[in-house]
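Below is one structure; the comments refer to it alone.
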Number of protein chains: 2
Amino acid sequence: MTLPANKRIAESTVRRLSMYLRYLEGLDGVGQLTASSDELAHLCGTTPAQVRKDLSFFGSFGKRGLGYPVHELTERLREILGLGHAWQIVIIGAGKIGSALAEYRGFRQRGFQVVGVYDKNPEKIGRAWGDATVRDMESLAVDVAEQRVDIAVIAIPADDAQDVVDKIVAAGIRAILSFVPTSLHVPPHIAVKTVNMAMELEGLSFALTNRAD
Amino acid sequence: MTLPANKRIAESTVRRLSMYLRYLEGLDGVGQLTASSDELAHLCGTTPAQVRKDLSFFGSFGKRGLGYPVHELTERLREILGLGHAWQIVIIGAGKIGSALAEYRGFRQRGFQVVGVYDKNPEKIGRAWGDATVRDMESLAVDVAEQRVDIAVIAIPADDAQDVVDKIVAAGIRAILSFVPTSLHVPPHIAVKTVNMAMELEGLSFALTNRAD
DNA sequence: ATAAGTTTGTGAAGTATTTCACAAGCCTCC
DNA sequence: GGAGGCTTGTGAAATACTTCACAAACTTAT
């Protein structure tokens with residue numbers, strides 16, 4: 001088992017690993033046996049040195065003069081990223097975005113299984129959404145006690161977010177993917193990632209405004 | 001006009017400015033007159049020194065002993081981020097995600113106006129989506145010549161992405177927000193931001209797997 | 001077997017970003 | 001109007017991340 005030692009791995013490195021994996025799966029699918037850091041770098045939009053450095057944190061997978069074995073590296077990366085088993089996720093917030101997420105193919109394709117959809121709005125509770133039925137937010141804690149939930153995806157109004165997050169944490173879920181444009185306060189052992197579309201758009205607005213002409 | 005000098009502004013700084021702005025708008029809304037770097041830092045989940053450093057790139061907006069004037073700083077940040085006028089965006093890809101985006105309130109609330117929705121699937125062309133009608137992807141170039149488009153948001157299958165991006169660039173659009181889990185190749189003067197949900201989830205998977213217990 | 005040609009793995013160097021720490025400035029109160 | 005209490009703005013230090021550059025190791029060709 002390639003343990004990441006006691007070194008802290010940079011978030012940017014993990015993001016790139018995820019990208020390497022995606023392209024390696026593609027190469028594996030078409031039967032390519034090896035890939036060089038140069039090839040991976042071009043595919044992923046980074047540099048060969050970066051690829052080698054990223055991978056070297058976890059061991060030496062390549063063969064000098066030849067490159068990396070595609071299939072084996074794919075499996076190693078899955079292992080490193082913890083994709084060996086299906087993570088179970090719940091979606092909280094049965095609005096537009098929650099809806100798109102619940103039906104999003106990419107989740108299941110990559111091993112994330114939606115095991116529940118929650119909302120606090122009585123009008124939405126009980127409706128069928130994809131495979132699941134929308135359940136009352138209040139029953140989350142009880143449900144989690146019966147069926148393991150690894151990750152909560154929240155797509156709810158900003159004003160409700162901290163309350164909901166507190167309930168998620170209290171229920172024992174240790175990872176949150178947030179689509180809420182607010183900073184969330186959680187204990188240090190909880191992993192949080194935020195997707196903030198407004199922030200990305202404003203980044204583009206800044207780039208367009210302050211471009212070097 | 002607070003020009004960002006000739007210094008390059010880090011992307012992370014821009015993201016935080018966007019977050020400061022969001023909270024300042026809230027404070028302005030409830031009539032708070034000043035805010036210290038300490039208060040902003042706590043709201044945004046960063047440090048006071050970071051707040052001061054970020055803002056100092058653009059000028060000195062605060063008053064020692066007192067903090068930053070909420071309303072004025074709000075306006076300054078809008079200006080810096082280029083939010084003074086409405087940016088016009090098109091959404092390309094009338095699928096689940098494109099749909100959620102087209103109806104997403106957050107866009108218009110923050111000054112981004114959806115002026116068109118495009119797809120290449122004949123079955124989808126012509127349908128009404130929110131305020132707009134889905135148009136043929138092929139007519140993008142002609143449409144852009146008639147009505148300014150600042151940003152293209154793409155929510156399409158990965159295999160189509162590079163083709164579509166090339167058309168976007170050829171049409172003269174200079175900023176792209178991508179929901180496609182692929183690296184895109186564009187000329188250097190084009191600004192691209194990518195939102196990759198699978199990557200975020202895998203980041204959580206990594207965190208859960210390699211947590212410090 | 002040897003030479004030529006690749007490509008990895010990795011310290012070291014270079015850049016970028018964050019944090020520190022404190023002088024300087026402003027407000028308030030006496 | 002001077003003293004005390006905050007809070008900014010910012011060089012300098014610390015930390016984090018990326019790129020360089022090259023020895024070592026492997027493959028292939030002859």
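Proteins come first, then strands; the chains are lettered A, B, ... in the order of their sequence lines, and each starts at number 1. In what follows, every heavy atom counts, from backbone to side chain, and hydrogens, waters and symmetry copies are set aside.
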Can you give me the first and the last nucleotide of DNA chain C (5' to 3') that has an atom within less than 4.0 angstrom of a non-hydrogen atom in chain A? C:dT6 to C:dA12
B:R78: which residues meet the salt bridge (charged side-chain N to carboxylate O under 4.0 Å, His left out) condition with it, sequence neighbours left out? B:E25
Partner of A:E202 by salt bridge (charged side-chain N to carboxylate O under 4.0 Å, His left out), out of B:K193, B:R110, B:R15: B:R110
note: A:I9, atom CD1; D:dT18, atom P; distance rounded to Å ~ 12 Å
Strictly under 3.5 Å: I want the nitrogen or oxygen pairs between protein and nucleotides 24-26 of chain D, one per line.
| residue | atom | partner | partner atom | Å |
| --- | --- | --- | --- | --- |
| D:dA24 | N3 | A:R64 | NH1 | 2.9 |
| D:dC26 | O4' | A:R64 | O | 3.4 |

Between P of D:dG9 and CZ of B:F61, the distance in whole Å: 9 Å
Near DNA chain C, counting only heavy atoms under 4.0 Å, which residues of residues 18-51 of chain A show up? A:S36, A:S37
Quickly work out the A:R16 CZ to D:dA16 P distance and round it to whole Å. 16 Å
A:I173 and A:V144: side-chain contact (heavy atoms from CB on, under 4.5 Å), yes or no, with the steps? CA-CA 8 Å; A:I173 299 172; A:V144 169; 4.0 Å; yes
Would you call A:K120-A:D160 a salt bridge at under 4.0 Å N-O? yes
Salt bridge or not for A:D143 and A:R135, using N-O below 4.0 Å? yes
Counting side-chain heavy atoms from C-beta on, which of D:dT19, D:dC17, D:dG9 comes nearest to A:A10? D:dC17
Pair listing, salt bridge (charged side-chain N to carboxylate O under 4.0 Å, His left out) test, anchored in residues 49-62 of chain A, at least two apart: A:R16-A:D54
Start with the C-alpha gap between A:S36 and A:Y68, add the side-chain angles, then the distance that decides, and say whether side-chain contact (heavy atoms from CB on, under 4.5 Å) holds. CA-CA 6 Å; A:S36 66; A:Y68 297 91; 6.0 Å; no
Measure up the B:W87 and B:H85 rings against each other and bin them: parallel (under 30°), tilted (30 to 60°), perpendicular (over 60°). tilted
Which distance, rounded to the nearest 0.5 Å, do you find between the OG of B:S56 and the CZ of B:F61? 9.0 Å
Whole-Å gap separating P (D:dG11) and CZ (B:F57): 11 Å
In terms of side-chain heavy atoms, does B:Q162 have a donor or acceptor partner in B:D166 at a distance below 3.5 Å? yes
A:A161: partners by side chain to side chain contact (heavy atoms under 4.5 Å, CB included), with sequence neighbours left out: A:I156, A:V180, A:L184
So, OP1 or OP2 of D:dG9: does either fall under 4.0 Å of a side-chain N or O from B:Y68? yes
Whole angstroms only, please: what is the CG-P distance between B:L55 and D:dT7? 16 Å
B:D54 CG to D:dT8 P, in whole Å, measures 13 Å
